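We're numbering straight along the sequence, starting at 1. None of the values given here were measured: they were computed from a predicted structure.
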Amino acid sequence: MKEYKYKINGNAYTVGIGDIEDNIAQVEVNGVPYKVELEKKAAPVKVVSAPRPAAAPRTATGEKVVAKPAAKGGAGAVKAPLPGVVMSIPVKVGDVVKAADTVLVLEAMKMENAIQAGRDGKVTSIAVAPGDSVLEGTVLLTIE
């Protein structure tokens, strides 16, 4: 029998807890025996649900949202430095840019990252659209 000492409102109590069978506990308070009925706990129900595969999200043009890194990218390719979502593209094909100009804004980890051109030249192609999710290394646009 385990014995515990309590003080409640200045009164000292010695409580001994004996065997517990089913939901009945043998308890002794200051030498007086009691049978205490414990609340029955319902066995937890384990619900197993297999996740359902969802269709890949698509852009307004019907293309997949997640762009995969291109295996090729010429010397003028501007690549995503980290995975994220394209927020805006302040340039268009044919624009002449300087190396320090922002050519794309990428949101990653709840921060907006300005992606610079990295070289002087003319924008020849844009491979992504605002709202697209891109992986690290994805070619965003090309500057010749």
Q. According to a 4.5 Å side-chain heavy-atom criterion applied to Ile, Leu, Val, Met, Phe, Trp and Tyr, with indirect links allowed, do Val27 and Ile24 form part of one hydrophobic cluster?
A. no
Q) Just how far is it from atom OG1 of Thr124 to atom CG of Asp95, taken to the nearest 0.5 Å? A) 11.5 Å
Q. Which value, rounded to the nearest 0.5 Å, describes the distance between Arg119 atom CZ and Glu144 atom CD?
A. 6.5 Å
Q. Does Thr14 reach the side chain of Glu3, with side-chain heavy atoms less than 4.5 Å apart?
A. yes
Q: With side-chain contact (heavy atoms from CB on, under 4.5 Å) as the test, would you mind laying out the steps for Ile115 and Leu141 before giving the verdict?
A: CA-CA 11 Å; Ile115 309 300; Leu141 52 94; over 6 Å; no
Q | Donor-acceptor pair between Thr142 and Ser125 side chains, under 3.5 angstrom | A | yes
Q.
Hydrophobic clustering (ILVMFWY, side-chain heavy atoms < 4.5 Å, transitive) - are Val105 and Leu82 grouped together?
A. no
Q. Any link between Ile8 and Ile17 through a network of hydrophobic side chains (Ile, Leu, Val, Met, Phe, Trp, Tyr) touching at under 4.5 Å?
A. yes
Q. How many angstroms lie between atom CG of Leu140 and atom NZ of Lys79, to the nearest 0.5 angstrom?
A. 10.5 Å
Q.
Within a 6.0 Å radius of atom CG on Asp19, are there more than 12 heavy atoms belonging to other residues, nucleotides or ligands?
A. no
Q.
Is there a side-chain contact between Leu104 and Val78 in this structure, where contact means two heavy atoms from C-beta onward sitting under 4.5 Å apart?
A. no
Q) Hey, mind stepping through Gln116 and Thr102 against side-chain contact (heavy atoms from CB on, under 4.5 Å) and telling me if it holds? A) CA-CA 4 Å; Gln116 278 86 29; Thr102 298; 3.9 Å; yes
Q: Could you pull out the closest heavy-atom pair between Leu106 and Ala80, with the gap in Å?
A: CD2-CB, 4.5 Å
Q: Of all the heavy-atom pairs spanning Pro83 and Ala108, show the shortest one and how long it is.
A: O-CB, 3.3 Å
**Q.** Shortest non-hydrogen separation from Pro130 to Met87 and the atoms involved
**A.** CB-O, 3.8 Å
Q) For the side chain of Asn23 and the backbone of Glu37, is there at least one donor-acceptor N/O pair under 3.5 Å apart? A) no
Q: Return the minimal non-hydrogen interatomic distance between Asp120 and Ala99, and the atom names on each side.
A: OD1-N, 2.7 Å
Q) More than 12 foreign heavy atoms under 6.0 Å from CE of Met1: is that the case here? A) yes
Q. If two hydrophobic side chains count as joined below 4.5 Å and joins carry through other members, does Tyr6 share a cluster with Tyr34?
A. yes
Q) Val86 and Ile89: which non-hydrogen atoms are nearest, and at how many Å? A) CG1-CG1, 3.9 Å
Q) Taking all non-hydrogen atoms of both residues, which atom of Ile20 and which atom of Ala25 are closest, and how far apart? A) CG1-CB, 3.8 Å
Q. Would you find more than 12 non-hydrogen atoms of other residues, nucleotides or ligands less than 6.0 Å from Asp22 atom CG?
A. no
Q. Is Val96 reachable from Val103 through a run of I, L, V, M, F, W or Y residues, each pair having side-chain heavy atoms under 4.5 Å apart?
A. no
